[in-house]
Amino acid sequence: MANPLPNDWSQWLGREFQADYMKALKLFLAEEKAAKKVIYPHSSNWFRAFELTPLNEVKIVILGQDPYHGPNQAHGLCFSVQPGIQVPPSLVNIYKELASDVGFVPVRHGFLESWAKQGVLLLNTALTVEQGNAASHRGKGWEHFTDRAIETVNLHAGPCVFMLWGSHARQKKALINQERHLVLESPHPSPLSAHRGFFGNQHFSRANQFLVNRGRLPIEWQLPETT
């Protein structure tokens, strides 16, 4: 797998593409493709989060698990779906919390690129998945790479907010210097768990207050109505 990262990320993560785990991951993905398995997102979008959010512009990190595994959904940003695709249940709940917290007006799409372009790194811990088979690419090497990405933000980005939703994301807390960055934890926005504390967490307003207090521009959470 050649290094596809923009220069600022590549400075710190480029060497990962020569690591043994990445070579094994590349072989696994090639075997999956040879077996005629459909992989999401398209390979051109595997590193989309890094392309849209330069390292020196990262303000907030939102961690997901693996990409959506339905047709035409995933495009490289956690929780986001491509234009024209129904808003997934977890994102519906994110919109509900945004409405309660910052007066967000829900939109009819789930395309979150405008957040990414403002400095919200929308990072899944695994960057690929087999169609219709959730979590099928976990433990294949992606987590090593995305842990290095989290560590890179921790060490080389300005003061940031890490939103860790659910037990899987909260495991990454150990990688973050909490004297420099703000870590916000809550249950996952999934319909199975949102009522246990995701609703009412006020993470979006708390994140913006942290940024403003450190002289950084806040995020405009309101999404455009059209993509």
Side-chain angles (χ1 to χ4, degrees), residues 5-6 8-16 19 21-22 46-67 76-80 90 94 97-98 101-102 112 115-127 135 138-139 141-190 193-194 196-198 200-219 221:
L5 297 175
D8 58 340
W9 286 106
S10 184
Q11 178 182 357
W12 306 107
L13 295 176
R15 66 181 70 94
E16 299 298 314
Y21 80 83
M22 189 63 84
W46 289 355
F47 300 94
R48 185 68 172 151
F50 301 96
E51 294 168 5
L52 288 175
T53 311
L55 176 60
N56 66 356
E57 295 179 15
V58 176
K59 298 176 181 177
I60 293 174
V61 179
I62 298 179
L63 285 179
Q65 295 189 31
D66 54 351
L77 305 180
C78 73
F79 294 105
S80 182
S90 291
I94 291 170
E97 176 56 27
L98 278 162
D101 186 20
V102 297
L112 305 182
W115 293 356
K117 291 175 180 178
Q118 294 180 72
V120 182
L121 184 66
L122 296 166
L123 184 66
N124 282 310
T125 54
L127 301 187
R138 287 190 205 164
W142 280 127
E143 292 87 352
H144 292 290
F145 177 77
T146 53
D147 278 0
R148 298 294 84 74
I150 294 167
E151 291 171 345
T152 297
V153 173
N154 178 60
L155 291 171
H156 302 294
C160 295
V161 182
F162 290 80
M163 296 185 181
L164 307 182
W165 300 334
S167 59
H168 178 83
R170 292 165 88 166
Q171 292 172 11
K172 307 302 180 181
K173 185 177 178 179
L175 303 174
I176 303 163
N177 177 357
Q178 295 183 68
E179 293 183 3
R180 186 158 184 264
H181 305 291
L182 176 64
V183 173
L184 299 175
E185 301 178 71
S186 83
H188 194 274
S190 160
S193 56
R196 298 189 207 133
F198 178 79
N201 66 21
Q202 298 183 322
H203 281 188
F204 304 99
S205 60
R206 291 166 66 186
N208 272 351
Q209 189 59 59
F210 176 87
L211 293 173
V212 169
N213 289 348
R214 279 149 187 81
R216 307 194 75 185
L217 289 174
I219 302 299
W221 293 110

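Hydrogens, waters and symmetry mates are skipped; everything else that's a heavy atom, side chains included, is used.
The salt bridge (Lys or Arg N to Asp or Glu O under 4.0 Å) search around E185 returns R170, K173, not counting sequence neighbours. Take F210 and apply the ring-ring contact (aromatic ring centres under 6.0 Å, His included) test, not counting sequence neighbours, and it matches no residue. Residues passing the ring-ring contact (aromatic ring centres under 6.0 Å, His included) test with F162, sequence neighbours excluded: H181. Qualifying side chain to side chain contact (heavy atoms under 4.5 Å, CB included) partners for S190, counting only residues two or more places apart in sequence or in other chains: S90, H188, L192, S193. Taking the side-chain hydrogen bond (donor to acceptor under 3.5 Å, both in side chains) definition, one finds that E16 meets it with Y21, sequence neighbours left out. Applying the side-chain hydrogen bond (donor to acceptor under 3.5 Å, both in side chains) test to Q65 and every residue at least two apart in sequence or in another chain returns R138. Residues passing the salt bridge (Lys or Arg N to Asp or Glu O under 4.0 Å) test with R216: none are found, sequence neighbours excluded. R206 is linked by a salt bridge (Lys or Arg N to Asp or Glu O under 4.0 Å) to nothing, counting only residues two or more places apart in sequence or in another chain. Legend: residues meeting salt bridge (Lys or Arg N to Asp or Glu O under 4.0 Å) with R180, ordered by chain and number and at least two apart, are absent. Shown here are the ring-ring contact (aromatic ring centres under 6.0 Å, His included) partners of H156, two or more places apart in sequence or in another chain: W12. By the side-chain hydrogen bond (donor to acceptor under 3.5 Å, both in side chains) test, T146 is found to be paired with no residue, residues two or more places apart in sequence or in another chain being considered.
Not less than 6.0 angstrom separates the ring centroid of F145 from the ring centroid of W46.
Residues W221 and D101 are not in side-chain contact: their nearest non-hydrogen atoms beyond the backbone lie 4.5 Å or more apart. Within the 4.5 Å cutoff, the side chain of V183 has heavy atoms near those of the L164 side chain. Using a 4.5 Å cut-off on side-chain heavy atoms (C-beta onward), F47 and L5 make contact. For the pair P189 and E97, the minimum side-chain heavy-atom distance is 4.5 Å or more. Side-chain contact between W115 and I60 is absent, with no heavy atoms from C-beta onward closer than 4.5 Å. C78 has its side chain out of reach of L123: every pair of non-hydrogen atoms, C-beta onward, lies at least 4.5 Å apart. For the pair L63 and I150, the minimum side-chain heavy-atom distance is below 4.5 Å.
In this structure, V153 and C160 approach most closely via the heavy-atom pair CG1-SG, 4.0 Å. Looking at every heavy atom in both residues, S186 comes nearest to G197 through CB-O, 4.0 Å. Looking at every heavy atom in both residues, A207 comes nearest to L184 through N-CD1, 4.3 Å. For L13 against F50, the heavy-atom pair with the smallest separation is CD1-CE2, 4.2 Å.
Expressed to the nearest 0.5 Å, how far CG of L112 lies from CD1 of I94 amounts to 7.5 Å. Within the model, atoms CG of N208 and CG of L217 stand 10.0 Å from one another, a figure rounded to the nearest 0.5 Å. In this structure, CE on M163 lies 8.0 Å from CG on N201, to the nearest 0.5 angstrom.
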Run the numbers on N124 and D66 for side-chain contact (heavy atoms from CB on, under 4.5 Å), then give the verdict. CA-CA 5 Å; N124 282 310; D66 54 351; 5.6 Å; no
Are T53 and V120 close enough, and set up right, to give a side-chain contact (heavy atoms from CB on, under 4.5 Å), and what steps lead you there? CA-CA 7 Å; T53 311; V120 182; 6.0 Å; no
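Residues in residues 46-55 take part in these salt bridge (Lys or Arg N to Asp or Glu O under 4.0 Å) pairs, two or more places apart or across chains: R48-E51, R48-E113.
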